[in-house]
Every structure is written in structure tokens, then in C-alpha cells.
Enquirer: 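Below you will find the structure I want to go over with you.
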Number of protein chains: 2
Amino acid sequence: MSARDRAERIEEILRDRICLLDYPPGLRLSETELAEEFGISRTPLRRVLARLEGAHLLHSVHGVGTFVTDLADEELDQIYRLRIELAQLAGRLDPVAPSADLLAHFRQLAQRAAALVPDPDTPRPFAQLIMDFIQAQSRLSANQPLMEITQHLYFQTARIWVHSLFTSALDLSEELAVFAQEVADVVSALEAGDLDAAASIHRTHISLSYRRMLARRDSAQA
Amino acid sequence: MSARDRAERIEEILRDRICLLDYPPGLRLSETELAEEFGISRTPLRRVLARLEGAHLLHSVHGVGTFVTDLADEELDQIYRLRIELAQLAGRLDPVAPSADLLAHFRQLAQRAAALVPDPDTPRPFAQLIMDFIQAQSRLSANQPLMEITQHLYFQTARIWVHSLFTSALDLSEELAVFAQEVADVVSALEAGDLDAAASIHRTHISLSYRRMLARRDSAQA
DNA sequence: TCGGACGATGTTGTGCACATCATAAGCAAA
DNA sequence: TTTGCTTATGATGTGCACAACATCGTCCGA
């Protein structure tokens, strides 16, 4: 395996751990421990960490540590407003009709969502399902820069959203049901061959889930 | 100066050199030479290069070298189609009325554009003007993620656009005149307080300059 | 009792020597 | 002449020792 491939693999592993909340926001990581775990020295590991820092998923402080990024309310708001617009764009810009395999994969995601039982202590299955859904959606447009940006913004916000959902522990089953409904609606639109409708559904759900998060935030402050 | 500040400064210098075509697409850089120039060792320099690689401005190949990224026609097309949509978004998402200082800066940019004399051998003044214009525009929306993405896409494409313009050496003065007109139009819209109009003007000019580049590409292939 | 200096500890940042790899020049054999 | 192997060269990648830095506990003195 080439050095480049190994670095990409480690970067993907760490990104997954951050996005799936194995590494919650604010956690301090140890370069030495990570280097030992992957069987490499700190030098190539630090290259990976530098890239994740460029993606706003980590930030290092000299003499203190390397921390998983958290998002302030205002930053989260701005990204959500942007994601709402980008979701709509995905249906207009270089749409690609899903293959039979991809459609089957979407149906499987809908089944997973319907079968998922909420557990306030293990956010990972829910986060994993959301990540898989996003990755599947990224195959609905051939515009790679747009999909890359969309995923990038998802990496930043989805984990914060899930984290706030599981820490407040309110409406967990309701949010899960809403998400399952979204996946089912998107599958219906895809089966009808209407990619723009699928994008609109996605946009609507981002907007609504954002509003519900705002409501949770307000009730928490009150 | 802290280590972080120094790294950011070097990254900005290298990014400017790439975007202003001091480092044209395809150029091979030497880690050793750059490290000597900035008076540091290869280790911290490589951290900077890794971040620029994450921004798709560089790519390294083991045993060969570090190269300034070039864009294939298809990649350029996809980014342009995306930029056209994002330019329109900037007027809708968290618009910020320009301060008196910013407005004066825009007028100064218009004067610089009107006064610029085309020289097929020195693309840098034109590229610098474009970069300054983009940086000024990034202050017209308070949505930082959107502005960061817009600038990021500009870093990737504007230099390719200028490079193709100066290598073909056709219509150079015409393109410069069109750009000067765009800046003047944007200033007029800003003076009227119509940010959405300014965004539309920008969008239109991106679209038109893209079409002219496509025409140059077709004539070059013929 | 309180405050501040100080050092022990653990972290990230840096410099350097070497490993690994790709390329091109050189050279010998067919 | 051409082909293929060998080798020299220079590039990026890695490991390690140490420097720079922040934090916290400790201890001494007012």
C-alpha cells in the first residue's frame, strides 16, 4: 500500500470517528496515542491531522492539545442556511438518474431507518444511517465540487445536530420517525424519476429539522 | 510571532503566488528551496503544503515532486456552473450593506480596472485586480461559510481562466474592458443599495466570461 | 491564610538524518 | 543502432530526538 493510500485511509477513519461521535465535540486527542494505534510515527499522522484541521474538524493548540471542533450557535445557523440552499441546487445542477443498484440502496436505507430503535445512549447507529444517506445522495448529481462541498458541510453540522439531539434526549423517537419519513419520501420521488422533487424534499427536511433544533435551543436557554 | 501565525502567513504567500500565476499550473515546486526561502525546515513547510493540497491547489507525488494543480476542461466546467449559482446566492443569504470605506474601496477597484493597460507578458496585475475584487465582494455577505466556499472556488478557477486568456493572447483588451465594466456595474448597484442586483450582475458576468472561454476553447481545438 | 514563584509533566512544533521512490543518464550486449 | 539493465541523482515520506509552550501542583514567604 502506498503512503498516500494509507494516509487517506487513516484520514477517513478519523473523520468517521468524528462524524459518528466516537470523538464528541471538544474531545482532546493525543497524537502519540493515535500514531501508536495506526503503527506509524507522529510525522505522517500530523500530516493527516493538518488536513482535518483544514476541513474545520480539528484544531490544534501548541502545548495544549488537538481538539475536536465544536460549533457556536451562530456558525451552525449560517451553515444551515447555506445547506438549505445547496440542497435545492443539487436537483438542478447536473442531476443524474439513479441506477437500479443505487435505488435499491436507497430502499435499504429506508428500511434501516424504519427498523431503527432509538437508544439515548448510542447515537452511533443514527449518525451512521444519516452519513450513509448523505453519501447515497451525493451520487444523484455529477457536479463533484457541489457534492464535495455538500458533504463537507454535512461533516461539520450533522454530528453537532445529532449530539445536541442526544444530549437533550428530547423527542428522540420523534426525530427518528421524521428522518425515516424523509428517506421514504425521497425514495418515492426517485422511483417517480423526479430528482428535483427529491431535492426539494431534502431541502424541506433540512429546514424543518433546523427549526426543531432552534426550538430545542430556545427551550434549553429558558 | 507564534508558529500558527507564521504557518498561516506562508500559506497565504504561497496561495497568492499560485493564484497570481507566479506559479503557473503544472509547475514543480521544491520543498527544500521553499523551506530555505522562508528560513524554516521542511517539516513545518510540509504542513503548509498539506493544507494547500487539501484545497486542491497542489498535489505531491512520492519521489517526483510537488506540482501546482491544473484543471481539466470538465472539472472547470463543473466549478463554473456551480459558481454561477453561488454568485446569485450571495445576494440572498445574509446580505450586508457595504460601509462607506468598502464602497470607496470598490470605486478604487473600478478606477484600477479602467486604468489597467493590457500586457500579454504580465498577467499578474490583472490577476491581482480580480483577486482584490473577489476579496471585496466577500464582505457583502455575513455568511462566512458561503464566502469561504466562493473564495475557495475562485482560487481554483480564476487563475486557470487568466492563464488560458494570456496563453491564447486573444481578446485580452476586450476581456479587460468587460471586467472593468462589471466592476463599474457592481459599484452602481451598490451605490443604489441593491445588493441582489449586484449579485445578479456578478452572476451574469461569470456566465458570460465562461461562455467566452468556451468559445476560445472551441476555436483552439479547431 | 493567601499569593505568587517555580518546576514537573505532558502537549504540540521543529530540525535532521535516513528510507523509499521515480526518473534519466550511462553502458553493455544483442 | 537499439534494447534493456544498472546506477546515480534528486524528489517526497518517515522516524526520532529535542525545543517551545501551557497547565497544574507544590512549596515558600508575606
Side-chain angles (χ1 to χ4, degrees), chain A residues 1-15 17-18 22-72 155-156, chain B residues 1-15 17-18 22-72 155-156:
Chain A
M1 181 185 301
S2 76
R4 187 176 199 78
D5 293 337
R6 179 175 61 185
E8 283 183 8
R9 203 175 112 258
I10 293 177
E11 182 178 347
E12 188 181 341
I13 290 174
L14 291 180
R15 190 171 49 219
R17 289 181 183 175
I18 295 171
D22 294 334
Y23 295 161
L27 180 70
R28 191 186 71 185
L29 303 178
S30 165
E31 293 184 352
T32 306
E33 285 182 9
L34 288 176
E36 283 181 4
E37 176 188 347
F38 294 112
I40 59 178
S41 77
R42 281 181 55 219
T43 307
L45 178 76
R46 279 174 58 77
R47 186 186 174 90
V48 173
L49 296 184
R51 291 176 60 97
L52 290 172
E53 193 172 345
H56 300 304
L57 293 178
L58 295 177
H59 63 104
S60 301
V61 182
H62 188 186
V64 181
T66 301
F67 300 90
V68 178
T69 302
D70 198 355
L71 259 59
F155 290 157
Q156 288 187 67
Chain B
M1 182 186 302
S2 75
R4 187 177 199 79
D5 293 337
R6 179 175 61 185
E8 283 184 8
R9 204 175 114 259
I10 293 178
E11 182 178 346
E12 188 181 341
I13 291 174
L14 291 180
R15 189 171 51 220
R17 291 181 183 176
I18 295 170
D22 293 335
Y23 294 161
L27 181 70
R28 190 185 73 183
L29 303 178
S30 164
E31 292 183 353
T32 306
E33 286 181 9
L34 287 176
E36 284 182 2
E37 175 188 347
F38 294 112
I40 59 179
S41 76
R42 281 181 55 218
T43 307
L45 178 74
R46 280 174 58 76
R47 186 186 175 88
V48 174
L49 296 184
R51 290 176 60 98
L52 290 172
E53 194 172 344
H56 301 304
L57 293 178
L58 294 177
H59 62 104
S60 300
V61 182
H62 188 187
V64 181
T66 302
F67 299 90
V68 178
T69 303
D70 198 356
L71 259 59
F155 291 157
Q156 288 187 67

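The sequence lines fix the lettering, A, B, ..., with proteins before strands; numbering per chain opens at 1.
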Enquirer: Nearest whole Å is fine: how far is dA19(C) C1' from I40(A) CD1?
Expert: 16 Å

Enquirer: Within this structure, what is the CZ-to-C1' distance between R4(A) and dT20(C), rounded to whole angstrom?
Expert: 16 Å

Enquirer: Mind calculating the distance between CD (E53(A)) and P (dT11(C)) to the nearest angstrom?
Expert: 17 Å

Enquirer: Near DNA chain D, which residues from residues 56-66 of chain B have a heavy atom under 4.0 Å away?
Expert: V61(B), H62(B), G63(B), V64(B), G65(B), T66(B)

Enquirer: Between dG13(C) atom P and L45(B) atom CG, what is the distance in whole Å?
Expert: 15 Å

Enquirer: Any salt bridge linking E11(B) with R47(B)? Criterion: basic side-chain nitrogen under 4.0 Å from a carboxylate oxygen.
Expert: no

Enquirer: Is R42(B) paired with E37(B) through a side-chain N to carboxylate O contact shorter than 4.0 Å?
Expert: no

Enquirer: Would you mind telling me which residue lines up with the more 5' stretch of DNA chain D, T32(B) or T43(B), judged by nearest nucleotide?
Expert: T32(B)

Enquirer: Quick one: M1(B) CE to dG13(C) C1', roughly how many Å, whole number?
Expert: 16 Å

Enquirer: In this structure, how many angstroms lie between the P atom of dT11(C) and the CD atom of E33(A), rounded?
Expert: 7 Å

Enquirer: In which stems does DNA chain C show up, taking only runs of three or more Watson-Crick or G-U wobble pairs whose two distances fall under 3.5 Å?
Expert: C:1-30 with D:1-30

Enquirer: Just how far, in rounded Å, is P of dT12(C) from CZ of R42(A)?
Expert: 7 Å

Enquirer: 5' to 3' on DNA chain D, which nucleotides open and close the contacts with chain B (atom under 4.0 Å from a heavy atom)?
Expert: dG10(D) to dT14(D)

